[in-house]
Amino acid sequence: MGEAGAGAGAIAGERRQLINVAYRLLGSLAEAEDAVQEAYARWYALPRGRRDEVRSPGAWLTTVTGRICLDVLGSARARRERYVGAWLPEPVPDRAEWGFAREEGATDPAHQVVLDESVTMAFLVVLESMTPAERVAFVLHDVFRYPFTEIADVLGRTPAACKQLAASARRRARGSQAPAAGVGQAEAVRRVKEAWESKDIAALVDPAAVMTADGGGLVGTVLRPVEGGARIARYMVAVADKAPGLELLERSVNGVPGLVARRDGTVMTVASFELADDGRVTRIWVVRNPEKLRPWLRAG
């Protein structure tokens, strides 16, 4: 974090950390970028003397970004009630897989998100089940290791109350299954790809699996989760039949092996998976809303 009298370069250098915080809090790159931009606008709106008094501009920006995200989360539930179909977090590509140099697109929020276990689709979906205050307390403390004294400034509560919020959120997160890592996940995704192409999917999907798709009302997809391995397999085969020329690519999705469906060079669908210990798929998250695929359109 920056110190008193930090220059413009040091202040701008906080942007990467702020984007990472905001994306985990909101599950949306676009909303994360807006929140960070608003935080910077408030910083530069301060009188110069007031800015010089701030001991840690980084901490100030984090606090303000956290408060903005808290407000966004408070209004998001009402917006998502009007959302057409299921709402899923925005998937993030690993731009290195698309041949981009690290220096290119340096201001692109997708380029700045650190891809680790705290941004997997499984983890972000669990975060969606938390109250806004729980989510802020949990993400800031358990993911970014901010002390509860600083989180109290974001939430406007006592440190003890913030500690209780984080503990409550932790109990919700405890029930989520961590994604299989490394070769196991990649091999399972490869098998799904090959089975999808050969239309022989059922054996790879757990009987109790659930598939959730997000089209946002902008593209055709199922509006409610599809439950059961057999129904999921039939749906995926039907999609294959209706989409000739669709190219399936194995790509990192939020840091974990996933699948990308592309037609005529344009990314149409991004899919994430959660696996059981036996390697069978238990959850599938399919994002088709083109507004959530903008980073993938640039990458693809």
Side-chain angles (χ1 to χ4, degrees), residues 29 88-102 105 108 110-111 113-125 177-206 209-214 219 221 226 229 232-233 235-290 292-300:
L29 282 169
L88 289 175
E90 242 175 271
V92 178
D94 184 339
R95 291 171 67 85
E97 293 190 358
W98 297 95
F100 277 71
R102 176 58 60 182
D108 187 337
H111 191 75
V113 173
V114 175
L115 300 176
D116 59 23
E117 65 278 3
S118 68
V119 296
T120 64
M121 191 63 69
F123 190 81
L124 292 176
V125 168
Q177 177 181 331
V183 176
Q185 176 92 7
E187 179 58 31
V189 169
R190 183 170 297 114
R191 290 199 304 269
V192 170
K193 174 181 179 291
E194 293 170 351
W196 193 86
E197 290 171 335
S198 64
K199 303 179 184 179
D200 182 23
I201 301 165
L204 299 177
V205 182
D206 189 89
V210 178
M211 185 191 76
T212 304
D214 179 346
V219 295
T221 191
V226 179
I232 292 171
Y235 176 82
M236 293 177 72
V237 168
V239 170
D241 289 338
K242 294 178 181 178
L246 203 62
E247 177 188 17
L248 279 184
L249 305 172
E250 299 170 44
R251 288 289 185 267
S252 169
V253 181
N254 287 52
V256 178
L259 289 178
V260 171
R262 188 168 64 174
R263 177 186 282 172
D264 298 328
T266 299
V267 173
M268 311 294 291
T269 302
V270 174
S272 303
F273 303 89
E274 186 171 79
L275 308 178
D277 292 338
D278 62 4
R280 285 197 294 182
V281 175
T282 57
R283 291 296 306 264
I284 306 174
W285 296 283
V286 178
V287 178
R288 300 202 65 231
N289 183 342
K292 294 185 178 183
L293 296 180
R294 287 171 181 167
W296 297 86
L297 298 177
R298 290 193 291 272

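Bear in mind the structure is a predicted one, so any value in this text is a computation, not a measurement. The first residue of the sequence shown is numbered 1, and numbering continues consecutively from there.
Here CG of Asn254 is found 10.5 Å from CG of Asp94. Values are rounded to the nearest 0.5 Å. Note that CD of Glu197 and CG of Leu246 are 9.5 Å apart. Values are rounded to the nearest 0.5 Å. In this structure, OG1 on Thr212 lies 8.0 Å from CH2 on Trp285, to the nearest 0.5 angstrom.
When side chains are defined from C-beta on, Tyr235 counts as touching Thr221, because their heavy atoms get closer than 4.5 Å. Residues Asp206 and Val281 have side chains not in contact (no heavy-atom distance under 4.5 Å, counting atoms from C-beta outward). When side chains are defined from C-beta on, Phe273 does not count as touching Met121, because their heavy atoms never get closer than 4.5 Å. Residues Val219 and Met268 form no side-chain contact, since every pair of their non-hydrogen atoms from C-beta on lies 4.5 Å or further apart. Put simply, the side chain of Leu259 reaches to within 4.5 Å of the side chain of Val189, judged on heavy atoms. Residues Met236 and Ile284 form a side-chain contact, since some pair of their non-hydrogen atoms from C-beta on lies under 4.5 Å apart. Put simply, the side chain of Arg280 does not reach to within 4.5 Å of the side chain of Thr282, judged on heavy atoms.
Between the side chains of Asp264 and Thr266, not a single donor N or O lies within less than 3.5 Å of an accepting N or O.
One finds a salt bridge joining Asp214 and Lys292 here, because a Lys/Arg side-chain nitrogen approaches an Asp/Glu carboxylate oxygen to under 4.0 Å. Under 4.0 Å is where a charged nitrogen must lie from a carboxylate oxygen, and between Arg263 and Glu247 no such pair does. Under a 4.0 Å N-O distance rule, the pair Glu194/Arg190 does not qualify as a salt bridge.
Across every non-hydrogen atom of Ala110 and Leu29, the tightest pair is CB-CD1, 3.8 Å. Closest approach of Val205 to Ile232, counting heavy atoms only: CG1-CD1, 4.2 Å. Nearest approach of Ile201 to Ala195, heavy atoms of both residues: CG1-O, 3.6 Å. Glu274 and Ala122 get closest at one heavy-atom pair: OE2-CB, 3.2 Å. Of all the heavy atoms in Leu115 and Pro93, the pair that sits closest is CD1-O, 4.1 Å. Scanning all heavy atoms of the two residues, the minimum distance from Val287 to Pro89 falls at CG2-O, 4.0 Å.
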Open item on the list: Run Asp116 and Ser118 through side chain to side chain donor-acceptor pair (under 3.5 Å) and show every step you take.
Closed with: CA-CA 5 Å; Asp116 59 23; Ser118 68; 2.5 Å; yes
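Remark: Ser272 engages no residue in a side-chain hydrogen bond (donor to acceptor under 3.5 Å, both in side chains) (not counting sequence neighbours).
Of the possible polar contacts, one joining the Trp296 side chain to the Pro91 backbone as a donor-acceptor pair under 3.5 Å is found.
Checked against Arg251 for a side chain to side chain contact (heavy atoms under 4.5 Å, CB included), the options Val260, Val267, Val270 give a single hit: Val260.
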